[in-house]
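Everything on this sheet refers to the single structure shown next.
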Amino acid sequence: VQAIRTGTDSIRVLWKPVAMDSSVGPIKGYKIYYRPAGSTLWTIATACSSCISIDLEKLANFTTYRFQVAAFSELGDGARSPTFGVLEGI
């Protein structure tokens, strides 16, 4: 999982697709959890099952954001990726 700043208020989060043999049922999509560092409230964006990235916009300038990504299926959410951070708007 990685993130790239794409503008003064936007970040593109990228990930590798979950291997079919490591999932419990067909993947329905991905959940991208993000929050400003220091906050405990996660915002969740969703992406399609064939997606490998998502653009998050309208983020606060000069703010470090924390991210996690998890695949989900009809049976629920998979494990979240390790948390990583990006300083936005440099």
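Hydrogens, waters and symmetry mates play no part in the numbers below; they use all other heavy atoms, side chains included.
Think of Ile52 as one node in a network of Ile, Leu, Val, Met, Phe, Trp and Tyr side chains linked at under 4.5 Å; it has no links at all.
Between Tyr30 and Pro17, the shortest heavy-atom contact is OH-CA, 3.2 Å. Considering every non-hydrogen atom in both Ser10 and Gly7, the closest pair reads OG-N, 3.2 Å.
At a threshold of 4.5 Å between non-hydrogen side-chain atoms, the residues Thr46 and Ile32 do not count as touching. Looking at Arg12 and Asp55, their side chains come closer than 4.5 Å, going by heavy atoms from C-beta outward.
A distance of 11.0 Å separates CD in Glu74 from CD1 in Ile27, rounded to the nearest 0.5 Å. For the atom pair Phe72 CZ and Ile44 CD1, the distance stands at 10.5 Å (nearest 0.5 Å).
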Cut-off 3.5 Å, no hydrogens considered: what does the side-chain donor-acceptor table look like for residues 75-86, sequence neighbours left out?
unit_1, atom_1, unit_2, atom_2, d
Asp77, OD1, Lys31, NZ, 3.1
Asp77, OD2, Lys31, NZ, 3.3
Asp77, OD2, Tyr33, OH, 3.2
Arg80, NH1, Gln68, OE1, 2.8
Ser81, OG, Val69, N, 2.9
Thr83, OG1, Gln68, NE2, 2.7

**Q.** Chi angles and distances behind the side chain to side chain contact (heavy atoms under 4.5 Å, CB included) call for Leu14, Ile4
**A.** CA-CA 8 Å; Leu14 303 102; Ile4 302 168; 3.7 Å; yes
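A search for side chain to side chain contact (heavy atoms under 4.5 Å, CB included) contacts involving Tyr34 returns Thr43, Ala45, Leu56, Leu59, Tyr65, Phe67, not counting sequence neighbours.
Put simply, the side chain of Thr63 gets close to the backbone of Asn61: a donor and an acceptor are under 3.5 Å apart.
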